[in-house]
Amino acid sequence: MATNVETVDSVVLRFAGDSGDGMQLTGTQFTNTSALQGNDLSTFPDFPAEIRAPAGTVAGVSGFQLHFSSNEIRTPGDAPNVLVAMNPAALKANIGDLKTGGMVIVNTDKFSERDLEKAEYEENPLENGSLEGFQVVEVALSTLTKRSVEELGLNNKESDRCKNFFALGMTYWLYNRDMSVTQTWIKGKFKAPYDQANLKALQAGWNFADTMELFHSSYEVPAAKLKPGTYKNITGSMALSLGLVAAGSLAKRQLFLGAYPITPASDVLHHLSKFKDFGVVTFQAEDEIAAICASIGAAFGGSIAITSTSGPGVALKGEALGLAVITELPLVLINVQRGGPSTGLPTKTEQSDLNIALFGRHGECPNPVLAAATPSDCFEVALEAVRIAVKYRMPVMLLTDGYLANGAEPWCLPELDSLKPIDCNIATEDIADGFRPYDRDPETLARHWAIPGTKGLEHRIGGLEKEDGTGNVSYDPGNHEHMSNLRAEKIQRIQADVPDVEVYGDTDGVGLISWGSTFGSVRTAVDAARAEGMKVGHVHLRWLSPLPANLEQTINGFAKAGVAELNLGQLHRYLSSEYLIDMASITKIQGQPFKSSELIAEIKKLS
Amino acid sequence: MATNVETVDSVVLRFAGDSGDGMQLTGTQFTNTSALQGNDLSTFPDFPAEIRAPAGTVAGVSGFQLHFSSNEIRTPGDAPNVLVAMNPAALKANIGDLKTGGMVIVNTDKFSERDLEKAEYEENPLENGSLEGFQVVEVALSTLTKRSVEELGLNNKESDRCKNFFALGMTYWLYNRDMSVTQTWIKGKFKAPYDQANLKALQAGWNFADTMELFHSSYEVPAAKLKPGTYKNITGSMALSLGLVAAGSLAKRQLFLGAYPITPASDVLHHLSKFKDFGVVTFQAEDEIAAICASIGAAFGGSIAITSTSGPGVALKGEALGLAVITELPLVLINVQRGGPSTGLPTKTEQSDLNIALFGRHGECPNPVLAAATPSDCFEVALEAVRIAVKYRMPVMLLTDGYLANGAEPWCLPELDSLKPIDCNIATEDIADGFRPYDRDPETLARHWAIPGTKGLEHRIGGLEKEDGTGNVSYDPGNHEHMSNLRAEKIQRIQADVPDVEVYGDTDGVGLISWGSTFGSVRTAVDAARAEGMKVGHVHLRWLSPLPANLEQTINGFAKAGVAELNLGQLHRYLSSEYLIDMASITKIQGQPFKSSELIAEIKKLS
Amino acid sequence: MSTNEEAVTYKKKDFMSDQMIRWCPGCGDYSILSQVQTVFAGLGIPKEKFAVISGIGCSSRFPYYMNTYGFHTIHGRAPAFATGLKLANPDLSVWMITGDGDSLSIGGNHFIHILRRNVDIQLLMFNNRIYGLTKGQYSPTSEIGKKTKSTPMGSLDHPFEPCAVALGADASFVARTVDIFVKDLRGVIQDAADHRGTSFVEIFQNCNIFNDGAFNDVTDRKTRDETVVFVKHGEPLIFGSKDGPRKGLRVDKQFRLEVVEDVDPENPGDEILVHDETNPVLANLLARMRPPYPVAMGVIFRVKRATYDGGVAEQIKTAQQVPLAGDLTKAIYGGNTWVVD
Amino acid sequence: MSTNEEAVTYKKKDFMSDQMIRWCPGCGDYSILSQVQTVFAGLGIPKEKFAVISGIGCSSRFPYYMNTYGFHTIHGRAPAFATGLKLANPDLSVWMITGDGDSLSIGGNHFIHILRRNVDIQLLMFNNRIYGLTKGQYSPTSEIGKKTKSTPMGSLDHPFEPCAVALGADASFVARTVDIFVKDLRGVIQDAADHRGTSFVEIFQNCNIFNDGAFNDVTDRKTRDETVVFVKHGEPLIFGSKDGPRKGLRVDKQFRLEVVEDVDPENPGDEILVHDETNPVLANLLARMRPPYPVAMGVIFRVKRATYDGGVAEQIKTAQQVPLAGDLTKAIYGGNTWVVD
Ligand SMILES: Cc1ncc(C[n+]2csc(CCOP(=O)(O)OP(=O)(O)O)c2C)c(N)n1
Ligand SMILES: Cc1ncc(C[n+]2csc(CCOP(=O)(O)OP(=O)(O)O)c2C)c(N)n1
Ligand code: SF4
Ligand code: SF4
Ligand SMILES: [Mg+2]
Ligand SMILES: [Mg+2]
């Protein structure tokens with residue numbers, strides 16, 4: 001044990017290495033351990049578009065950032081305190097982000113000339129003074145790992161594979177973590193002799209840190225004072241999937257997912273395919289069009305129908321979505337946004353699909369749009385999307401993004417009793433007499449959901465304009481105007497279900513307006529700015545269409561409002577058109593989330 | 001000859017009958033004759049979605065409206081002066097539009113009980129007084145036609161087919177038209193004995209009107225004082241096609257059209273397929289996606305590439321359009337708008353695809369958008385779209401609609417010398433040394449168009465974000481922001497080619513802003529309102545993105561501005577977001593153009 | 001296909017809807033509609049258990065005319081809608097109506113995928129070798145050289161042979177019939193209804209407006225006997241006028257087809273091919289027969305193969321055997337959790 | 001394919017681009033890249049006349065690694081881009097690279113349409129029976145029961161047989177080969193280059209990350225001779241270890257395949273099938289052979305058929321024979337005009 005144990009509030013740690021170095025796994029282990037130690041935390045993995053980009057190159061670097069704290073936190077952190085760099089490429093790709101004075105642990109075994117060349121380093125950064133100002137911890141990770149597993153008779157490649165556990169052991173020592181979670185996990189995951197090898201490497205890393213007195217001190221990050229409850233660390237994809245499964249249960253109907261794999265949305269398909277015991281049907285379709293069409297078919301058939309995709313897939317689904325709009329069938333389209341346009345930056349995050357969500361269909365073809373704010377919020381948003389789709393009989397667009405999908409945070413598990421049942425209000429035989437498929441609930445304007453198989457409710461729907469009430473094809477000019485207005489009106493009726501926005505912080509100073517995954521960075525920045533004495537408020541939108549009823553008034557209350565988003569100003573444009581209010585547009589479009597520091601700078605500009 | 005010949009300025013005439021009654025043909029003949037007689041004119045056909053809807057039903061009625069005048073006119077007219085109704089269904093569907101006191105010519109042979117039933121008439125409208133207030137001219141058209149062709153030995157069905165020419169003959173007499181154009185046409189078009197039959201029916205109709213003194217008087221509509229020049233009556237589809245062919249010639253490159261049939265865009269494919277002697281390649285693809293992708297492939301290959309479609313097809317093309325945006329290839333996407341959403345009202349007109357044109361792609365994916373104002377304007381707009389696409393290397397969206405595509409007007413043919421050549425500025429071997437595909441013209445920001453086959457310019461492009469200059473795949477955050485801004489900036493640069501708007505009429509009273517096919521109705525309404533002494537101005541936009549530089553200032557000059565469009569306010573929303581100006585939104589969404597009278601009422605409200 | 005819950009008897013007119021039929025007078029679609037209604041009436045399936053799904057095209061107006069559940073969807077995508085509906089509601093008898101353009105042009109991909117998956121629906125393709133609804137452009141089944149509005153000098157695309165495409169996609173049931181061969185048509189529709197899996201039926205359908213007489217060579221009463229062979233499992237491939245001498249089909253060593261003249265139908269002899277509807281190689285041969293060989297009508301190929309929807313149901317059933325299946329508490333509270341008090 | 005304008009000689013490395021190759025170490029794609037570069041070098045076509053078009057997937061990164069014109073397009077649509085490019089620029093040698101997902105899942109429709117049209121390009125499909133780029137979901141060529149991220153209980157979809165799909169779509173050239181059968185691979189690529197029309201080549205490609213060993217049965221040196229038959233036009237269908245007794249293939253009356261043991265390759269006898277690459281029925285049989293029959297490698301089907309691009313060029317040439325062809329004055333000033341002065 002180090003003589004010195006310091007207590008710190010928060011730590012940002014980043015593991016970086018080759019795609020094959022197991023960094024995601026290492027990060028996840030550190031996360032789970034810290035979660036069980038009671039820290040609040042937030043994580044963000046960042047991987048290359050290639051499956052295994054050429055080893056040793058910057059393009060092939062895979063990273064995992066983890067923010068753990070004894071306070072409440074909302075982002076994976078701006079700048080790491082500690083960087084573990086498994087090779088020169090990882091160093092090169094990440095050193096720019098490290099906090100001044102931060103620590104970087106490097107694997108000196110991978111700094112041969114060839115390694116440097118692959119990373120396109122002209123000279124060895126460990127030797128040319130370029131790392132001045134950082135605490136550089138040089139460790140012959142590969143050699144030490146190899147030595148630690150020597151007795152197991154692994155070959156070179158096999159023993160080298162264990163070095164991530166050696167590094168993990170070192171960081172566990174550094175932050176006084178309990179190794180048992182990872183040890184148990186290794187035993188369950190690996191077959192002999194690899195289980196033993198990984199266990200040995202882990203322990204060796206710990207021991208090495210302990211005995212070599214590599215570090216000035218080790219650190220304690222005490223448990224956070226979180227709201228009482230049962231917690232689980234969860235990614236946005238998993239929370240979203242659980243939300244959908246819960247929605248199916250609460251609606252007492254089969255959940256149907258039609259999907260075609262696409263980064264970063266595929267995990268929704270992967271997760272839901274494991275819920276067959278809930279009767280969940282997942283259909284991996286031949287393409288995105290078939291996926292949404294099958295979902296609409298399932299909705300017609302009475303399922304809670306979902307289709308999930310990312311940008312290019314959303315573009316393909318537009319035509320079919322229009323059919324769901326005109327046939328007024330419930331459907332949830334999940335868009336896990338990624339960097340665009342076109343194929344763009346598939347593994348990076350962005351919020352640039354708000355335009356297509358609101359306006360991306362031909363004709364007057366409105367649909368509700370809502371967005372999740374944090375990984376665990378995905379659970380609630382999924383429930384809400386289904387609830388609205390079913391209640392108002394229309395397709396709902398749900399936006400998340402790569403950052404939310406892959407990022408994780410502790411989720412305070414909901415009491416099951418607190419989850420309200422979803423009333424599907426399905427048409428029954430009893431109303432067969434005089435049944436008309438487009439008769440409506442006067443309040444919600446929802447039409448009947450009459451499911452094939454129900455006696456006496458036989459009817460036909462389709463994409464040609466329909467006569468209100470009967471649902472028959474109609475070319476009548478007045479009816480078309482009526483129906484166009486009605487479809488728009490249905491969206492407005494949802495406002496009844498959309499709570500008013502509440503301003504966090506000051507209502508009359510600078511107001512930041514945000515939506516989606518920027519919640520954490522904006523809220524953190526607002527807290528920081530207020531701590532510095534600035535007068536700042538924050539409004540975060542879950543609902544984009546319809547907008548909350550009091551939003552205009554709220555924005556007007558601010559001395560100066562700014563709209564922060566990861567695109568070129570799509571929400572800003574939309575709110576401008578709605579309210580004709582002059583607001584600042586705060587944007588970033590680099591495939592990466594906002595840093596709180598960037599936002600604080602913007603707040604200062606507006607103050 | 002009637003004793004009485006009155007001179008009138010303008011006449012609106014509508015032929016209506018079953019889909020099989022040849023109303024489109026009859027209308028076209030009247031149009032051509034009137035054109036050659038020097039009238040200004042404007043036409044609008046209106047047909048059902050079915051190929052041959054059940055005979056005798058309202059759903060099966062096909063109409064052709066024609067406005068001809070000795071003045072300059074801009075619309076097919078609000079309310080017909082004369083309606084020719086070939087059966088009860090045609091009467092029922094159209095009588096509501098007839099001017100009070102207008103004339104209706106009916107074919108009494110088709111008013112049997114069964115006919116009335118098919119049209120869902122409870123009682124015979126010729127007998128129940130419901131036509132009071134109109135001049136009803138009852139003619140046994142079928143019987144008379146049959147008699148007139150008796151000697152040719154046609155069977156019943158065949159002779160009945162000639163009755164539209166009988167009706168045409170009557171209207172020719174009524175408006176003192178020269179029959180020779182139609183006579184020549186009949187001789188060229190029909191084989192014996194049908195040519196003789198139609199000629200006889202035509203003449204018989206004329207004679208019948210002449211001898212029976214059916215009408216109080218005949219009318220003279222003198223030639224209009226049009227701008228000197230050579231004229232031809234042209235539909236929007238044809239003008240558009242000619243514009244594209246001309247663009248190919250002016251660019252000295254092959255014109256390539258990738259298209260999949262869809263109403264009302266198919267005619268562009270039909271027309272262009274006849275220009276093979278210009279080297280035009282038309283590719284009827286397996287679907288809209290293949291159509292645009294083939295066009296992008298052709299653009300890569302150095303063609304002037306076009307893809308044409310309507311709403312549902314535009315929705316399908318979004319993903320591929322994004323690829324054209326990121327690869328910065330020239331392309332023109334023509335959207336002949338129809339009634340939406342979904343399959344909607346395929347044979348009706350609407351302007352509801354502005355949203356999807358501006359915002360319908362995933363990611364930040366801007367493209368220029370322009371729209372044609374009149375049928376003949378389609379020629380110029382097509383040229384302009386190609387010119388901009390080529391000059392700035394980007395896909396351009398060109399909007400027309402069903403009303404423009406099928407409507408016709410006299411077109412003052414351009415002097416060929418007045419058409420400026422299109423400089424494609426294609427990269428040549430000479431620049432092979434150090435060639436980089438994404439190097440740009442500093443003024444337009446256009447990148448190189450380096451065509452496969454050119455020695456030394458081998459390069460690779462694709463949909464992943466590209467590094468500026470080299471065009472290599474780049475995941476660099478800064479580069480992505482740079483490129484996103486650059487693609488937006490390219491649109492703004494086009495403003496250099498977009499003329500400032502000019503206000504027609506008053507610059508400081510009520511200002512109507514319009515775009516696309518509403519030009520004629522808005523201009524007519526503005527003229528009428530000004531004639532009534534109101535202070536009104538009109539701004540019509542050809543360019544929607546970028547907007548003309550002086551538009552904001554121009555709108556601010558109006559006391560009150562209103563945006564008129566055939567949707568639920570899409571341009572209004574867009575201009576609001578751009579300028580934060582409070583404007584009125586004047587909309588109609590009935591699958592039909594504005595009537596000038598409707599707009600005059602709106603102007604009054606704003607005055 | 002649905003289980004028959006209650007004894008139901010229907011008349012054809014029970015399946016006629018109140019909507020006015022809007023096809024052109026003389027269109028081949030009428031005859032098909034009539035036969036489908038007749039077959040539905042006889043299937044013993046409760047009316048509310050039928051769903052008719054279509055794409056876009058003249059033919060795809062079909063659902064409006066059937067007094068069942070119906071969905072007139074979007075162009076080319078009907079197989080996907082039908083798949084979703086069948087998975088959501090396996091109890092339904094799902095029928096899909098499509099045109100040659102709808103299913104082989106824009107919808108080609110969904111078409112081959114539903115066939116390989118073998119979703120238990122009936123897929124009736126009305127092949128008029130033209131785009132009807134958009135007024136007469138050539139379709140993927142139009143013959144080369146066809147002059148249409150979009151091909152003034154004649155089309156250049158080699159046409160698909162729909163049954164061959166279906167076989168290439170591993171369809172489990174492939175049949176062909178003709179709009180006006182009323183009895184044969186009805187029989188094939190019935191066979192389709194009886195088959196578990198995707199039953200693909202190509203129906204030659206006359207579009208008297210834009211492609212009149214496209215199938216004259218097989219429909220003409222005078223020559224029909226010479227130009228058509230009706231295939232039946234286990235029976236020799238014999239055709240030719242009932243009055244004149246009959247003909248048979250055989251193949252040589254290298255699978256080249258030959259017509260054998262003067263065959264005795266009672267005793268055709270060993271060399272005459274016997275139809276085996278389970279043989280994919282023979283099916284390919286039959287599907288592609290064109291003059292001077294007769295065009296094959298009837299069930300060309302039929303095999304038993306697991307259905308996709310059956311498999312989905314099976315997996316769910318299996319998954320639901322585990323303890324705590326479908327338990328939300330387990331799903332949410334399971335895994336690595338910790339408690340903060 | 002391009003006409004050879006000038007005598008050009010290249011080395012393989014002339015076709016290697018400066019881009020870093022980003023496939024996983026050990027991926028089968030490397031071998032294919034290498035053979036394509038080798039064949040390109042030998043074709044005598046000027047380098048600037050090549051264009052390599054791809055969709056999206058691991059395999060579709062291919063164009064970046066070729067020092068030619070290249071276009072990495074969008075998922076599934078490469079055939080359409082290639083068609084447009086070839087029509088715009090018939091002089092080019094156009095190559096299309098695709099995966100089993102890219103071409104048979106999302107791109108299935110464009111795939112069958114380019115084949116029926118017979119656009120003169122080479123279409124190389126890297127079949128690894130998995131989605132590589134999206135990290136390992138099952139693909140339309142995955143075997144039933146495959147457990148992947150999206151099918152934890154095993155996949156249910158009956159797989160496509162790519163060569164059979166191609167034959168069903170009337171492809172004019174269908175071949176199959178394997179990433180590591182280097183010489184055979186090169187030969188087939190060369191044959192594809194030489195064919196006018198769409199040359200479809202299915203290449204078994206090992207994805208060592210997500211589907212390692214998917215083709216072990218045909219690639220394993222120990223058993224390969226028994227599990228593979230190399231087909232060659234005009235030669236008997238014989239396989240089996242060179243050392244041991246050889247085997248042959250024959251069919252019975254009803255087209256059922258049989259393996260004949262102990263065949264003398266010099267004198268196989270009449271009953272052993274002789275490969276006829278122009279016979280579609282035989283091609284179907286060969287395309288579908290699976291254990292216990294050997295898997296067929298080589299050119300399975302090849303016929304001469306008019307190309308779409310050739311027809312387009314021909315029509316334009318004909319149209320341009322007329323007087324005033326391409327005259328803008330005629331186009332604009334022709335027809336019914338009148339003069340206003
Ligand atoms: C996305 C889309 N593209 C194009 C169309 C236009 N369209 C409607 S039906 C049709 C083809 C119809 O042909 P087919 O399927 O053979 O049906 P038929 O009318 O001959 O029965 C086309 C191209 C459309 N409705 N939607
Ligand atoms: C429109 C669209 N949908 C989905 C994706 C995601 N995606 C990329 S590649 C791919 C499948 C790749 O499989 P395959 O074609 O077999 O290529 P491989 O990676 O195996 O070489 C998918 C689903 C995409 N890029 N675009
Ligand atoms: S156009 Fe042809 S297919 Fe369509 S309804 Fe008329 S006859 Fe039938
Ligand atoms: S994931 Fe598979 S197919 Fe893709 S590069 Fe890696 S090994 Fe090759
Ligand atoms: Mg058809
Ligand atoms: Mg693959």
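Using modelled atom types and a 3.5 Å distance limit, the side chains of B/Asn567 and B/Glu565 yield a donor-acceptor pair. Residues B/Glu467 and B/Thr470 bring a donor and an acceptor atom of their side chains to less than 3.5 Å of each other. A/Arg361 and A/Asn367 share a donor-acceptor pair across their side chains, judged by distance under 3.5 Å alone.
At a 4.5 Å heavy-atom cutoff, the contact between A/Arg573 and chain B is made by backbone and side-chain atoms alike. Heavy atoms closer than 4.5 Å to chain B are found nowhere in A/Tyr579, neither backbone nor side chain. Both the backbone and the side chain of B/Glu364 have a heavy atom closer than 4.5 Å to some heavy atom of chain A. Of the atoms belonging to B/Asp582, heavy atoms from both backbone and side chain fall under 4.5 Å from chain A. Looking at A/Ala324, there are no atoms closer than 4.5 Å to chain B (heavy atoms on both sides), in backbone or side chain. For A/Leu358, no part sits under 4.5 Å from any heavy atom of chain B, backbone or side chain. Heavy atoms of A/Arg338 lying under 4.5 Å from chain B are absent altogether. Proximity to chain B is limited to the backbone of A/Ser474, based on heavy atoms less than 4.5 angstrom apart.
Interface remark: of the candidates B/Gly344, B/Ala488, B/Cys365, B/Gly591, B/Gly344 forms the most heavy-atom pairs closer than 4.5 Å to chain A. Annotation: maximal heavy-atom pairing with chain A below 4.5 Å, among B/Thr347, B/Ile289, B/Thr343, occurs at B/Thr343. With chain B as the partner, the residue from A/Gly340, A/Ala320, A/Gly363 showing the most heavy-atom pairs under 4.5 Å is A/Gly363. Across B/His482, B/Lys588, B/Glu465, B/Met483, the residue that shares the most heavy-atom pairs under 4.5 angstrom with chain A is B/Glu465. Contacts with chain A were tallied for B/Arg487, B/His572, B/Gln337; B/Arg487 has the most, counting heavy-atom pairs under 4.5 Å. Ranked by heavy-atom pairs shorter than 4.5 Å toward chain B, the options A/Ser342, A/Gly322, A/Gly339, A/Ser576 are led by A/Ser342. The residue among A/Ala59, A/Gly360, A/Pro346 with the most heavy atom pairs within less than 4.5 Å of chain B is A/Gly360. If you tally non-hydrogen atom pairs under 4.5 Å between each of A/Leu575, A/Leu323, A/Ile326, A/Leu568 and chain B, the highest count goes to A/Leu568.
In terms of modelled atom types and a separation under 3.5 Å, the side chain of A/Glu481 and the main chain of A/Gly478 share no donor-acceptor contact.
Atom CD of A/Glu489 is surrounded by more than 12 heavy atoms from other residues, nucleotides or ligands within 6.0 Å. Residue B/Glu120 qualifies as open at atom CD: its count of foreign heavy atoms under 6.0 Å is 12 or below.
Residue pairs meeting the salt bridge (charged side-chain N to carboxylate O under 4.0 Å, His left out) criterion with at least one partner in residues 341-350 of chain A, sequence neighbours excluded, are A/Asp46-A/Lys348.
Counting heavy atoms from C-beta on, the side chains of B/Ile334 and B/Thr307 never come closer than 4.5 Å.
Using a 30° and 60° split on the angle between ring planes, B/Tyr574 and B/Phe359 fall in the perpendicular class, above 60°.
When each of A/Asp401, A/Thr400, A/Asp353 is paired with A/Asn335, the side-chain hydrogen bond (donor to acceptor under 3.5 Å, both in side chains) condition holds for A/Asp353 and for no other. Tested against B/Glu328 for a salt bridge (charged side-chain N to carboxylate O under 4.0 Å, His left out), the candidates B/Lys490, B/Arg393, B/Arg447 yield a single pass: B/Lys490.
At a heavy-atom separation below 4.5 angstrom, chain B is approached by A/Gly311, A/Pro312, A/Ala315, A/Leu316, A/Gly318, A/Glu319 within residues 309-319 of chain A.
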| task | Determine, stepwise, if the pair B/His480 / A/Gln590 fulfils side-chain hydrogen bond (donor to acceptor under 3.5 Å, both in side chains). | result | CA-CA 6 Å; B/His480 180 47; A/Gln590 305 190 350; over 6 Å; no

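Contact between A/Ala561 and A/Ile555 at its shortest, heavy atoms only, is CB-CG2, 3.8 Å.
A salt bridge is absent between A/Lys560 and A/Glu602: the closest approach of a Lys/Arg side-chain nitrogen to an acidic carboxylate oxygen does not fall below 4.0 angstrom.
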